[in-house]
Peer 1: 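Just dropping this structure here.
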Amino acid sequence: LAVGQYIESQTYISGSSGWRINANGTAEFSGVIVRGTVYASAGLIGGIVIGADHIRSANYVAGSSGFRFNLNGTGEISNFIVRGTVYATHVVAGASVVSPAIVGGTVNSAVMFGGSFGSAFAWPASGGGFHLSGSGLLLGNANTGAYAQINADGNAYFSNITARGDIEAT
């Protein structure tokens, strides 16, 4: 384009109606149908920001609000509903898993909380929680005196036992 440095429809009003193509490569349309692939290094579609290495919500604030998914596979989101199976190689210490259970038409929460455990089979420094791995199961905290420990070798240890039925020992 050289004459007027742009072409536009007779109904063009910036931000309102019609269309315009500028000589510098920018354009404005009210709607576009693309029958091929769209390539973009950045942009905004609705409230979704497209960056060179991520997509995020327009209201994203790290650790606070919105969501962000990075090209390297990392991301951040606050609440997430999965309608299928979740597979994970590990769950970060202090995380919790909530599984809603439906009983008689009422949704009840069957909750499983983690503690401040690291990858080693050990009690947390303080507080309570659980650790479940191939090494066994730790519940509570032996440091506070309220715990249950079941090792993979079959040995079990409990801080207190209350039985409401028969107990057999071999």
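All residue numbers refer to positions in the sequence shown, counting from 1.
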Peer 1: Quick one: side chain to side chain contact (heavy atoms under 4.5 Å, CB included) partners of Thr26, sequence neighbours excluded?
Peer 2: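 Side chain to side chain contact (heavy atoms under 4.5 Å, CB included) check on Thr26 returns Asn22, Asn24.
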Peer 1: For Ser17 versus Thr11, what's the shortest heavy-atom pair and its separation?
Peer 2: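 Where Ser17 meets Thr11 most closely, the heavy atoms are OG-O, 2.7 Å.
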Peer 1: Identify the two heavy atoms, one from Ser9 and one from Gly18, that lie closest to each other, and give their separation to 0.1 Å.
Peer 2: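 In terms of heavy atoms, the two residues are closest at OG-CA, 3.2 Å.
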Peer 1: Name each donor-acceptor pair under 3.5 Å that joins a side chain in residues 29-54 to protein atoms two or more places apart or in another chain, with its distance.
Peer 2:
from, atom 1, to, atom 2, distance (Å)
His54, ND1, Arg68, NH2, 3.4

Peer 1: Taking C-beta and beyond as the side chain, do Glu76 and Tyr60 meet within less than 4.5 Å on heavy atoms?
Peer 2: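 Yes, side chains in contact.
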Peer 1: Taking side chain to side chain donor-acceptor pair (under 3.5 Å) as the test, write out the residues that go with Glu8, two or more places apart.
Peer 2: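 If we apply the side chain to side chain donor-acceptor pair (under 3.5 Å) test to Glu8, skipping adjacent residues, there are no hits.
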Peer 1: Going from CD1 on Ile55 to CG on Asn70, what distance comes out if it is rounded to the nearest 0.5 angstrom?
Peer 2: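 That separation rounds to 9.5 Å.
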Peer 1: Looking only at heavy atoms, which two atoms of Asn59 and Ser65 are closest? And how far apart?
Peer 2: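 The pair with the smallest heavy-atom distance is O-OG, 2.9 Å.
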Peer 1: Of all residues at least two apart in sequence or in a different chain, which pass the side chain to side chain contact (heavy atoms under 4.5 Å, CB included) check with Ser14?
Peer 2: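 Counting only residues at least two positions away or on another chain, Ser14 forms a side chain to side chain contact (heavy atoms under 4.5 Å, CB included) with Tyr12, Glu28.
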Peer 1: Please collect all salt bridge (charged side-chain N to carboxylate O under 4.0 Å, His left out) contacts where either partner lies in residues 138-157, sequence neighbours excluded, each pair once.
Peer 2: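 Found none.
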Peer 1: For Ser16, which residues count as a side chain to side chain donor-acceptor pair (under 3.5 Å) partner, sequence neighbours excluded?
Peer 2: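 Scan of Ser16 (side chain to side chain donor-acceptor pair (under 3.5 Å), adjacent residues dropped) gives none.
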Peer 1: If the condition is ring-ring contact (aromatic ring centres under 6.0 Å, His included), which residues does Phe69 pass it with, not counting sequence neighbours?
Peer 2: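 Result, ring-ring contact (aromatic ring centres under 6.0 Å, His included) vs Phe69: Phe67.
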Peer 1: I'd like to check the side chain to side chain donor-acceptor pair (under 3.5 Å) partners of Tyr157; sequence neighbours left out, ordered by chain and number.
Peer 2: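 Counting only residues at least two positions away or on another chain, Tyr157 forms no side chain to side chain donor-acceptor pair (under 3.5 Å).
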